[in-house]
S.K.: 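Before anything else, here's the structure in question.
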Protein chains: 2
Amino acid sequence: MTHTTAANDVYLQIGEAAERTGLTQRTLRYYEEKGLLKRPTRMEGGFRLYSPEDIQRIEAIKQLKELLGFSLADIKEMMDAEDIRLQIRAQWRKDADAAEKAAKIRKAREVTLHQTALLDQKMEQMAAMRNELAQRLENYDRWLREHAADAPASSTKS
Amino acid sequence: MTHTTAANDVYLQIGEAAERTGLTQRTLRYYEEKGLLKRPTRMEGGFRLYSPEDIQRIEAIKQLKELLGFSLADIKEMMDAEDIRLQIRAQWRKDADAAEKAAKIRKAREVTLHQTALLDQKMEQMAAMRNELAQRLENYDRWLREHAADAPASSTKS
DNA sequence: TTGCACCTTGACGTGCGCGTCAACGTAGCT
DNA sequence: AGCTACGTTGACGCGCACGTCAAGGTGCAA
């Protein structure tokens, strides 16, 4: 409330955007530089203004990177596919060439299919891993239960 | 069969180990240098000999890295925990101090619990993502079905 | 219009995860 | 003993994903 620019607007300057997404300003500029983010709208003087959609996109990127460990190059591919998707939705009525639309959609479908396959593979492996860990945990717990009273003279607390 | 060292033995030199695991010799040495792999047994002249267990461990590391995108530092933590686990199993009978064993086990349990939590979180997010993709796929397919006959004069095959 | 917080674009620095030589030793066949 | 493939330890290089100044412009309140 002190002197924050456009306090009631939903558009965020880079500082606020960084804070909200948990990234740094440098990172946001870097993503933009690498084509992961489109150039956001600017104020008169050139200050970046991030729309809510921009913020969403940033958080999507963050997830893909931190959660799934994809490289920025990988993510760019995905985002490009996503862009095509949105582009399709935008041009839904304007462009009348149905054949071309079908081609685009098939392309998008293919990419999406590939992504789901990758995801499925990862999830499968993770599930297997999780089972191993769970089993391990059970073993620990069982041992601790069985030997709960065996300790000779250790302090009983903690 | 040409002149491969100890062709009938299960122990592998670094070249073969690299080939089997799909990593490079440099990477294997690097992992060893970083403490991710224990120093493997050596031949007289200092050549590394990887045991089947070593190979397994290498492949575990590879999975954790490539599949889940963990950093080598993260993986080292996990492997250290795993080492403690194996150490416990090895010293099962020798060391009689039950209290100490319990402490180790509780520590290992804690680490394992943390790992499962991380995994669960990741899996949850991935499942959500997968749903989005699946929905998208459905939309594509539906569109393609609905507009299958709409195309003006496109070839009917494919 | 001055002041300060916030922003801009370079440009160089940094840690990770290796790649890539260089110089040299070893294993095993002949 | 010699040849050659395979290995050893440095040490420097590299691309990625940013971190970190530096030098300057912008926005807004006082």
Side-chain angles (χ1 to χ4, degrees), chain A residues 1-9 11-37 39-50 54 58 60-79, chain B residues 1-9 11-37 39-51 54 58 61-79:
Chain A
M1 209 77 91
T2 51
H3 96 294
T4 47
T5 313
N8 56 345
D9 202 315
Y11 281 70
L12 303 177
Q13 282 185 229
I14 196 169
E16 293 174 304
E19 203 171 339
R20 300 272 167 102
T21 59
L23 299 176
T24 67
Q25 302 185 15
R26 178 67 175 93
T27 299
L28 293 181
R29 295 200 192 94
Y30 182 68
Y31 287 177
E32 183 182 340
E33 186 186 328
K34 287 291 167 179
L36 286 164
L37 273 56
R39 289 200 86 206
T41 55
R42 305 271 188 143
M43 299 169 64
E44 278 284 310
F47 287 23
R48 267 166 268 244
L49 283 179
Y50 292 93
D54 290 335
I58 291 167
I61 295 174
K62 193 188 173 194
Q63 281 231 347
L64 286 172
K65 176 165 172 30
E66 297 189 352
L67 210 95
L68 304 184
F70 286 126
S71 71
L72 292 188
D74 292 341
I75 297 174
K76 177 167 168 48
E77 263 192 74
M78 300 182 197
M79 298 312 260
Chain B
M1 210 78 88
T2 53
H3 96 295
T4 46
T5 314
N8 56 345
D9 203 314
Y11 281 71
L12 303 178
Q13 282 185 227
I14 196 168
E16 292 173 305
E19 203 172 339
R20 299 273 167 101
T21 59
L23 299 175
T24 68
Q25 303 184 13
R26 177 68 176 93
T27 299
L28 293 182
R29 294 199 191 96
Y30 182 68
Y31 287 176
E32 183 182 339
E33 185 186 327
K34 287 291 167 180
L36 286 164
L37 273 59
R39 291 200 85 207
T41 55
R42 305 272 186 142
M43 299 170 64
E44 278 284 311
F47 285 25
R48 268 166 268 246
L49 282 179
Y50 292 92
S51 73
D54 290 334
I58 291 168
I61 294 174
K62 194 189 173 194
Q63 281 231 348
L64 286 172
K65 177 164 173 29
E66 297 189 352
L67 210 96
L68 305 184
F70 286 126
S71 71
L72 293 189
D74 292 340
I75 298 175
K76 176 168 168 48
E77 263 192 74
M78 301 181 196
M79 298 313 259

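Chain identifiers are assigned alphabetically (A, B, ...) following the order of the sequence lines, protein sequences preceding nucleic acid strands; residue numbering begins at 1 within each chain. Bear in mind the structure is a predicted one, so any value in this text is a computation, not a measurement.
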S.K.: Give B/Lys34 one of three labels, base, sugar-phosphate or nothing, depending on what nucleic acid heavy atoms sit under 4.0 Å from its own.
M.R.: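 It contacts nothing in the nucleic acid.
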S.K.: Among D/dA17, D/dG19, D/dT9, which nucleotide has an atom closest to any side-chain atom of B/Arg39?
M.R.: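 Nucleotide nearest to B/Arg39's side chain: D/dT9.
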S.K.: To the closest 0.5 Å, what do you measure between CG (A/Leu72) and OG1 (A/Thr27)?
M.R.: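 Those atoms lie 9.5 Å apart.
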S.K.: Would you sort out whether B/Leu23 and B/Ile61 count as a side chain to side chain contact (heavy atoms under 4.5 Å, CB included), showing the intermediate values?
M.R.: CA-CA 11 Å; B/Leu23 299 175; B/Ile61 294 174; over 6 Å; no
S.K.: For A/Ser71 and B/Gly15, take the nucleotide of DNA chain D holding the closest heavy atom to each; which residue's nucleotide lies nearer the 5' end?
M.R.: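 Residue closer to the 5' terminus by nearest nucleotide: B/Gly15.
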S.K.: What is the distance, to the nearest angstrom, from the CZ atom on A/Arg42 to the C1' atom on C/dC7?
M.R.: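 So the CZ-C1' distance, A/Arg42 to C/dC7, works out to 10 Å.
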S.K.: When you match A/Leu23 and A/Gly46 each to their closest nucleotide on DNA chain D, which lands nearer the 5' end?
M.R.: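 Going by which nucleotide is closer to the 5' end, it is A/Leu23.
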S.K.: Are side-chain heavy atoms of B/Leu37 and B/Ile58 found at a separation under 4.5 Å?
M.R.: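 Yes, close enough: below the 4.5 Å cut-off.
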S.K.: Kindly write out the residues that satisfy side chain to side chain donor-acceptor pair (under 3.5 Å) with B/Lys62, not counting sequence neighbours, or none if the list is empty.
M.R.: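 Result, side chain to side chain donor-acceptor pair (under 3.5 Å) vs B/Lys62: none returned.
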S.K.: Give the nucleotide from the list C/dC18, C/dT8, D/dG19 with an atom nearest to the side chain of B/Leu72.
M.R.: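 It is C/dC18.
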S.K.: Given D/dA17, C/dA27, D/dG27, which nucleotide is nearest the side-chain atoms of A/Glu44?
M.R.: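 For A/Glu44, the side-chain atoms sit closest to D/dG27.
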S.K.: Kindly point out which of D/dC16, D/dG19, C/dC18 is positioned nearest to the side chain of B/Tyr30?
M.R.: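 Given the options D/dC16, D/dG19, C/dC18, the side chain of B/Tyr30 is closest to C/dC18.
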S.K.: Nearest of C/dC7, D/dC12, D/dG7 to any side-chain atom of A/Gln25?
M.R.: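 Closest nucleotide to the A/Gln25 side chain: C/dC7.
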S.K.: Are the side chains of A/Met79 and A/Tyr31 in touch, meaning some heavy atoms are under 4.5 Å apart?
M.R.: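 The answer is no, as the side chains (C-beta and beyond) never meet within the 4.5 Å cut-off.
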S.K.: Answer yes or no: does a side-chain N or O of A/Arg29 lie under 4.0 Å from OP1 or OP2 of C/dT8?
M.R.: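 Result: yes.
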S.K.: Can you identify which nucleotide, out of D/dC6, C/dC6, C/dC18, has its nearest atom closest to the B/Lys65 side chain?
M.R.: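 Looking only at heavy atoms from C-beta outward on B/Lys65, the closest nucleotide is C/dC18.
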S.K.: Roughly, in whole Å, what's the span from CZ in A/Arg26 to P in D/dA22?
M.R.: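 Whole-Å distance recorded here is 16 Å.
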S.K.: Which nucleotide sits closest to the side chain of B/Thr24: C/dG17, C/dG19, D/dC6?
M.R.: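 Ranking C/dG17, C/dG19, D/dC6 by closest atom to the B/Thr24 side chain puts C/dG19 first.
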S.K.: May I have the distance from B/Leu28 (atom CG) to D/dG7 (atom C1'), rounded to whole angstrom?
M.R.: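 B/Leu28 atom CG is separated from D/dG7 atom C1' by 13 Å.
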S.K.: State which of C/dT8, C/dC16, D/dC18 makes the closest approach to the side chain of A/Ile14.
M.R.: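 Nearest to the side-chain atoms of A/Ile14, counting from C-beta on, is C/dT8.
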S.K.: Does C/dG17 have OP1 or OP2 sitting under 4.0 Å from an N or O in the side chain of B/Thr27?
M.R.: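 For C/dG17, neither OP1 nor OP2 has a side-chain N or O of B/Thr27 closer than 4.0 Å.
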S.K.: Consider the side chain of B/Met43, meaning its heavy atoms from C-beta on, and name the nucleotide among C/dG28, C/dT8, D/dC12 that approaches it most closely.
M.R.: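 The nucleotide sitting nearest to the side chain is C/dG28.
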S.K.: According to a strict under-4.0 Å criterion, is B/Arg48 in side-chain N/O contact with OP1 or OP2 of D/dT8?
M.R.: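 It does, given that an N or O in the side chain of B/Arg48 lies less than 4.0 Å from OP1 or OP2 of D/dT8.
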S.K.: From D/dC6, D/dG27, C/dG17, pick the nucleotide closest to the side chain of A/Phe47?
M.R.: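 So the nucleotide nearest the side chain must be D/dG27.
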S.K.: What is the distance, to the nearest angstrom, from the OH atom on B/Tyr31 to the C1' atom on C/dC16?
M.R.: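 That distance rounds to 11 Å.
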S.K.: Looking at C/dC6, I'd like to know if its phosphate oxygens (OP1 or OP2) sit under 4.0 Å from a side-chain N or O belonging to A/Gln13.
M.R.: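 Result: no.
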S.K.: What is the distance from CG of A/Leu12 to P of C/dC6, rounded to the nearest Å?
M.R.: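 Checked: the CG to P distance equals 14 Å.
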S.K.: Whole-Å distance between D/dG7 C1' and B/Glu19 CD?
M.R.: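 Rounded to whole Å, this separation is 15 Å.
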S.K.: Take the protein atom CG of A/Leu64 and the nucleotide atom C1' of D/dA17, then report the distance between them rounded to whole Å.
M.R.: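 It works out to 16 Å between those atoms.
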S.K.: Rounded to whole Å, how long is the line connecting atom CD1 of B/Ile75 with atom C1' of C/dC18?
M.R.: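 So the CD1-C1' distance, B/Ile75 to C/dC18, works out to 14 Å.
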S.K.: Applying salt bridge (Lys or Arg N to Asp or Glu O under 4.0 Å), which residue pairs with at least one partner in residues 22-36 of chain B are found, sequence neighbours left out?
M.R.: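 Residue pairs with at least one partner in residues 22-36 of chain B: B/Glu32-B/Arg39, B/Glu32-B/Arg42, B/Glu32-B/Arg48.
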